[in-house]
Amino acid sequence: MRVTIWVTEHPYSQRIASSLKLGFKDDGIIATTLQYNDDNINATDVHIGYGVRRGMDEVYRRIGMARKHWFNIDLGYFGAAHFDGTYRIAYKGTQNKYDAQIQSETCPEISPWKTDGEFALICPPTESAAGFFGIDENRWLEQAQAHATQLGLTIKIRRKDDPEKLDDAFASAGAVITFNSSVGWKALQLGIPTFSDVMHSTLGSWHGDVKTIDGLKQLSRESLFRFMCANQLTLLDIQRGELLPMLKRFVPTA
């Protein structure tokens, strides 16, 4: 499998690209977002890059138009950190769709379900996420607030730059509603019922059409978290070539 590795001017992108190159060896081709064109998009059928900013969003769109396969790397679900932590790898998006057949032997600690809380913590999409996925933030907020009302909870909106500590916000939360923020799975791990976008988040694809707290509590958080752990690696794992089998789950013929 030959893979084009896309690099931006950001040092995180450059560091991750160097690990990808080590892992793919001669099958990894470096390309820069500053010089993307049809030739380097058509050079391989599989493409990978870090994040959706600094030109990566446009590169992904062009790759999609060319009907090529693409993967996005971002901070991991559990144990995430630059550069000694985990990174998640998602196919044609920023998070993978849940698949109960894909399970890691690793699972993080899971707290019992929370039974109190006065408000629904609503976390709107960031500007970059809204732009990448074409989300109207005002419409999303209206739908999230309506969902919170259906849950019988008051509403508290928390944006990414909110000065309040997340743990303090969680303390009084009876539920969390996000677009696809990492706040979602952090809350779910702590036992707070959490709902996310069905199409664009791992968590949302896990709960699907379930919209009630009681319904959510019937689902297996362990299965979800084992799936998430199965879709993350460290940079050392990537350098050792462990990413390739993961990519082949999505592109078996490449």
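Every heavy atom of this structure was used, including side-chain atoms; hydrogens, water molecules and symmetry mates were not.
More than 12 heavy atoms of other residues, nucleotides or ligands shown are found within 6.0 angstrom of CG on N37. Summarising the local packing, NZ of K160 is surrounded by 12 or fewer heavy atoms from other residues, nucleotides or ligands at distances under 6.0 Å. The environment of CD in E127 is sparse: at most 12 heavy-atom neighbours from other residues, nucleotides or ligands sit within 6.0 Å.
Going from atom CG of D27 over to atom CG of L20 covers 13.0 Å, rounded to the nearest 0.5 Å.
Looking at T86, its side chain does come within 3.5 Å of a backbone N or O of F78 through a donor-acceptor pair. Put simply, the side chain of Y36 never gets that close to the backbone of E58: no donor and acceptor are under 3.5 Å apart. A donor-acceptor pair under 3.5 Å is absent between the side-chain atoms of K92 and the main chain of W70, judged by distance alone. Under a 3.5 Å cut-off, the side chain of E242 and the backbone N or O of L233 do not form any donor-acceptor pair. Using modelled atom types, one side-chain atom of S205 and one backbone atom of T202 make a donor-acceptor pair closer than 3.5 Å.
F195 and H207 have their aromatic ring centers within a separation under 6.0 angstrom. For F225 and Y77, the gap between ring centers reaches or exceeds 6.0 Å.
Hydrophobic clustering of Ile, Leu, Val, Met, Phe, Trp and Tyr side chains at less than 4.5 Å, counting indirect connections, keeps L153 apart from L166. Under the 4.5 Å side-chain contact rule for hydrophobic residues, F227 and L75 do not share a cluster.
Comment: K156 engages E164 in a salt bridge, judged by a side-chain N to carboxylate O separation of less than 4.0 angstrom. A salt bridge between R249 and D99 is absent, with no side-chain N of the basic residue lying under 4.0 Å from a carboxylate O of the acidic one.
When each of V183, I122, L188 is tested with V176 by the rule side chain to side chain contact (heavy atoms under 4.5 Å, CB included), just one qualifies, namely V183.
Between W6 and H47, the two ring planes are parallel [angle under 30°; tilted spans 30° to 60°].
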